[in-house]
Structure formats: C-alpha cells, structure tokens
Amino acid sequence: MIFSRKRAEGARHARDERDAGVLDAEETPQAPARGPYDVSEAPDAPRLDLGSLQIPAVPDVEVRVQADPQGVIQQVVLVHGQNALQLGVFAAPRSEGIWDEVREEIRQSLFNDGAAAQEVEGEYGTELRARVRTPDGITDLRFVGIDGPRWMVRGVYQGEAATDPVAAGPLAACLDGLVVDRGQEAKPVREPLPLRLPREVAEQQAQQEGAPQPRQV
C-alpha cells in the first residue's frame with residue numbers, strides 16, 4: 001500500500017540543544033527546531049497518522065507500508081526516487097537512551113554475517129554505515145538512531161542516501177518532521193511501538209479484501 005504526499009516543506013534548521021537542567025515552574029520548555037519530535041512538543045503540520053509514528057507531508061515522498069488484515073503495520077518505508085528510508089520506533093527507559101547499545105548490536109550482527117560496518121558522525125550523532133550482500137547484489141546501508149523521551153527512532157537509508165547524506169534530501173526532511181506518540185503504557189525496553197493504518201484506510205482495505213472476486217471463465 002502506497003501513500004503519496006504532495007505538500008511543500010519548509011527549510012531544515014539546526015537542532016536546538018535541549019536544556020539538561022530543571023526548568024522553573026513558570027518557564028515554558030521550547031520545542032527543538034527539528035524532530036523527530038515527541039508528540040508533546042511537536043509543531044502543527046499535516047502528517048499521516050500511523051499511531052506511534054506520524055509522517056510529515058513532504059513533496060514526492062511515498063509512504064509504503066506493509067500491514068496485516070487487522071491494519072497492524074509491520075513495516076514503514078519512505079521512498080523518494082532511488083532512495084529509501086525504513087523507519088522503526090521502539091520503547092526506551094526514561095533515564096537513558098538506547099541507541100549506543102542498539103548500534104553495537106547491529107554492528108555485531110553485520111560482522112557475524114560477514115559485513116564490516118563503520119561508525120561515522122552525522123547530524124544526529126553516531127551513525128553506522130555498512131555494505132551488505134543481498135540477492136540483488138551489493139547494497140549500502142546507513143543506520144541512524146535518535147533517542148527521545150522513552151522512545152528511540154531507528155532509520156535505515158538505502159540508495160545514494162546511504163553513502164551521501166546530502167542525497168537524502170526529502171527523506172531527511174521526513175525524519176526531521178517525524179512525530180512519535182509514545183503513549184503512557186509501560187512497555188519492555190526495545191519493544192516496537194504499535195503502528196496502525198488510519199481507520200479509513202484500514203476499513204477500505206478490509207472492504208476490498210472482503211469483496212467477492214470476479215468469476216474466472
């Protein structure tokens with residue numbers, strides 16, 4: 001299933017540093033200049049609501065999802081031209097981020113599969129780049145992780161965007177405008193946060209699957 005969004009996106013800005021101190025009661029915390037945002041601090045903008053993730057509208061970016069018959073999403077991939085960005089969002093503890101540990105586990109897994117991975121510094125901190133062998137040939141991957149309040153977003157770039165961040169363009173704008181709705185439920189650390197199709201889309205899909213099929217003659 002593909003969603004194509006066609007709305008202009010503003011220029012990207014550098015991320016504000018968050019104040020680690022305690023705010024006075026009369027102070028109002030300022031939202032960071034770019035996301036991924038927690039739902040509590042996200043600016044208003046048109047987005048595709050997938051439950052725990054809300055995808056911003058960025059020109060010419062397709063949102064491709066794989067969902068089960070109940071509308072539960074198994075995979076979210078954003079596509080622009082020959083580049084792709086796979087997104088995942090996971091529960092994290094309140095006290096600390098988990099990207100450092102997750103990144104090391106990814107690196108070790110790649111190593112066990114015979115693929116070397118290199119850590120590089122990117123816009124969101126330390127990234128992981130690797131070249132892996134797939135049925136379609138050698139593929140470059142770039143893993144990005146962003147720790148938020150009780151959540152972590154993981155993005156995996158493919159295509160030219162995996163080796164040249166400038167080529168990510170609109171996909172990077174999607175990541176910058178992403179919103180996470182963690183919810184208040186207690187969840188095991190690293191458990192994927194639930195993603196679902198918008199109600200109207202799920203109902204349409206159910207109707208299509210339940211419709212009688214044309215008789216073959």
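Side-chain atoms are counted along with the backbone in the values below, which use heavy atoms only and exclude waters and symmetry mates. Keep in mind the model is a prediction, meaning the values are calculated, not measured.
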According to a hydrophobic-cluster definition based on side-chain heavy atoms being under 4.5 Å apart (Ile, Leu, Val, Met, Phe, Trp, Tyr only), do Val77 and Leu197 belong together? no
Transitively linked via ILVMFWY side-chain contacts under 4.5 Å: Val79 with Leu53? no
I'd like to check [X] versus [Y] (side-chain heavy atoms, cut-off strictly below 4.5 Å). Are they in contact?
{"X": "Tyr124", "Y": "Val153", "result": "no"}
{"X": "Ile138", "Y": "Arg133", "result": "yes"}
{"X": "Leu85", "Y": "Val61", "result": "no"}

Arg131/Asp140 under side-chain contact (heavy atoms from CB on, under 4.5 Å): CA gap, chis, key distance, verdict: CA-CA 4 Å; Arg131 178 166 290 183; Asp140 289 304; 2.8 Å; yes
I need the [X] [atom1] to [Y] [atom2] distance, nearest 0.5 Å.
{"X": "Asp181", "Y": "Leu193", "atom1": "CG", "atom2": "CG", "result": "9.0 Å"}
{"X": "Leu87", "Y": "Ile73", "atom1": "CG", "atom2": "CD1", "result": "11.0 Å"}
{"X": "Leu178", "Y": "Leu50", "atom1": "CG", "atom2": "CG", "result": "9.5 Å"}
{"X": "Asp176", "Y": "Tyr37", "atom1": "CG", "atom2": "OH", "result": "7.5 Å"}
{"X": "Arg142", "Y": "Asp164", "atom1": "CZ", "atom2": "CG", "result": "8.5 Å"}
{"X": "Gln75", "Y": "Leu195", "atom1": "CD", "atom2": "CG", "result": "11.0 Å"}

Is a side-chain donor or acceptor of [X] paired with a backbone partner of [Y] at a separation under 3.5 angstrom?
{"X": "Ser52", "Y": "Pro194", "answer": "yes"}
{"X": "Asn83", "Y": "Ala168", "answer": "no"}
{"X": "Arg182", "Y": "Arg150", "answer": "yes"}

Minimum heavy-atom separation for [X] and [Y], please, with both atom names.
{"X": "Pro165", "Y": "Arg129", "value": "CG-NH2, 3.4 Å"}
{"X": "Ala173", "Y": "Pro56", "value": "O-CG, 4.3 Å"}
{"X": "Pro188", "Y": "Ala91", "value": "O-CB, 3.5 Å"}

Applying side chain to side chain donor-acceptor pair (under 3.5 Å) as the test, list every pair that has at least one member in residues 113-122; sequence neighbours left out. Arg103-Glu119, Glu121-Thr126
Run the side-chain contact (heavy atoms from CB on, under 4.5 Å) check on Gln74 and Asp68 step by step: do they pass? CA-CA 7 Å; Gln74 311 297 328; Asp68 65 17; 3.6 Å; yes
For Trp99, the rest of its hydrophobic cluster, which grows through side-chain links under 4.5 angstrom: Phe90, Ile98, Val102, Ile106, Leu110, Leu128, Val132, Leu141, Phe143, Met152, Val156, Val189
Pair Asp136, Thr134 - check side chain to side chain donor-acceptor pair (under 3.5 Å), show working. CA-CA 5 Å; Asp136 297 326; Thr134 70; 4.8 Å; no
Sequence neighbours left out, what passes salt bridge (Lys or Arg N to Asp or Glu O under 4.0 Å) with Glu191? Give chain and number order.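 Scan of Glu191 (salt bridge (Lys or Arg N to Asp or Glu O under 4.0 Å), adjacent residues dropped) gives none.
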